[in-house]
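I have placed the structure first, in the form of structure tokens, so that the comments after it can refer back to it.
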Amino acid sequence: MQEAVVWSKASPDRSAAASGRLAIEVIIMSGGIVEQESQGSTSHRFGATVWLTGLPSAGKSTLATELAGRARRDSRAVEVLDGDDVRSWLTPDLGFSREDRDANVVRVGRVAHLLARNGVLVLVPVIAPYVASREVVRELHEQAGLAFVEVHVSTSLEECQRRDAKGLYARQRSRSLSGLTGVDDPYEIPPAPALRLDTETMLDAADVLETKLRALGHL
């Protein structure tokens, strides 16, 4: 298998080429993509990336995990690129400045693009707070003829603060954490996502997402 990484002129992540390429090579060498191809367990010729964006504790990872399980039961090749997990191996060199957050999103988007190009349904529960970097990833997919489905998990800030699954909001209130998305760092709401899901008011959010993906032909 040959792989190529093409760095868009619009990408804020050009300086991170070596690290991003290394992470992609690790995926290929570990057999993840080859295994998906050799299984021959899916009738879907083309992959797709479903990006779940929203505030911390909005329910992005929960939705992605649930959908991944349903997809696997249908013998669909699927991967979840969870924001916290990928930072440990793909972007450990990045912080939380606006430039670094943009770079993180674009690197994750390039890995998602590579997987989708190999027929995988990629679920990406990553905050991705800024419109511009999300659009870079969308353009990358569209230029390759791949689907990019943006899902806004629109759970309110008040509900996210109540859940506080990782203690981030408590740390921000105690001033041991700054730059928290939606509190003291901006979150740019997607103007026209493929779907909006409020996990506070929608008990069937996973069902709604599954129905949407089936309608689009990705499940």
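Side chain of Asp100 to main chain of Gly95: a donor-acceptor pair is present (N/O by atom type, distance under 3.5 Å, no hydrogens or angles). When atom types are taken as modelled, the side chain of Arg196 and the backbone of Ser154 share no donor-acceptor pair closer than 3.5 angstrom. No donor-acceptor pair closer than 3.5 Å links the side chain of Thr65 to the backbone N or O of Thr62.
Taking both residues in full, the closest heavy atoms of Ala116 and Val122 are given as N-CG2, 3.8 Å, listed atom of the first, atom of the second, then distance. Taking all atoms of both residues into account, the shortest heavy-atom contact from Val149 to Ala194 is CG1-CB, 3.7 Å. Considering all non-hydrogen atoms of both residues, Phe46 and Arg76 come closest at O-NH2, 3.4 Å. Scanning both residues, Val153 and Ala58, for their nearest heavy atoms gives CG1-O, 3.4 Å. Minimum interatomic distance between Leu121 and Ala71 (heavy atoms only, all atoms of both residues): CD2-CB, 4.4 Å. The shortest heavy-atom contact between Leu52 and Leu209 is CD2-CD2, 4.1 Å.
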Just do the salt bridge (Lys or Arg N to Asp or Glu O under 4.0 Å) check on Glu158 and Arg162 with the steps written out, would you?
CA-CA 6 Å; Glu158 292 73 21; Arg162 187 192 68 78; over 6 Å; no
Let me see the working for Arg98 and Ser133 under side chain to side chain donor-acceptor pair (under 3.5 Å), right down to the final yes or no.
CA-CA 10 Å; Arg98 178 159 190 145; Ser133 55; over 6 Å; no
Between Ser156 and Glu200, does a side chain to side chain donor-acceptor pair (under 3.5 Å) hold up when you go through it step by step?
CA-CA 8 Å; Ser156 69; Glu200 178 182 6; 3.1 Å; yes
Output, in order, the C-alpha distance, side-chain angles, deciding distance and verdict of side chain to side chain donor-acceptor pair (under 3.5 Å) for Ser61 and Asp82.
CA-CA 7 Å; Ser61 295; Asp82 186 85; 2.4 Å; yes
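For the residue pair Arg101 / Thr181, a side-chain donor-acceptor distance below 3.5 Å is found, with atom types taken as modelled. No side-chain N or O of Glu150 forms a donor-acceptor pair with one of Thr53 less than 3.5 Å apart.
Sorted by first then second residue, the salt bridge (Lys or Arg N to Asp or Glu O under 4.0 Å) pairs that include residues 202-219, not counting sequence neighbours, are Arg70-Asp207, Arg70-Glu210, Asp74-Arg214, Glu210-Arg214. For residues 120-145, the pairs satisfying ring pair (Phe, Tyr, Trp, His ring centres under 6.0 Å) are His113-His141, His141-Phe148, with sequence neighbours left out.
The distance from atom CZ of Arg107 to atom CZ of Arg87, rounded to the nearest 0.5 Å, is 9.5 Å.
Here the side chains of Leu67 and Leu219 are in contact, with some heavy-atom distance below 4.5 Å. The closest side-chain heavy-atom distance from Ser178 to Gln172 is not below 4.5 Å. At least one side-chain heavy atom of Leu123 sits less than 4.5 Å from a side-chain heavy atom of Val78. For the pair Val105/Trp51, a side-chain contact is recorded, criterion being any heavy-atom separation below 4.5 Å from C-beta on. In this structure, the side chains of Leu180 and Pro56 come closer than 4.5 Å at one or more pairs of heavy atoms.
Follow the hydrophobic side-chain contacts under 4.5 Å out from Phe96 and you never reach Val183; the two are in separate clusters. Taken together through direct or relayed side-chain contacts under 4.5 Å among Ile, Leu, Val, Met, Phe, Trp and Tyr, Val50 and Ile127 form parts of separate hydrophobic clusters.
Salt bridge status for Asp184 with Arg175: absent, with no side-chain N to carboxylate O gap under 4.0 Å.
Residues passing the ring-ring contact (aromatic ring centres under 6.0 Å, His included) test with Tyr187, sequence neighbours excluded: His152.
Annotation for Leu216: atom CG counts as buried by contact number, over 12 foreign heavy atoms lying within 6.0 Å.
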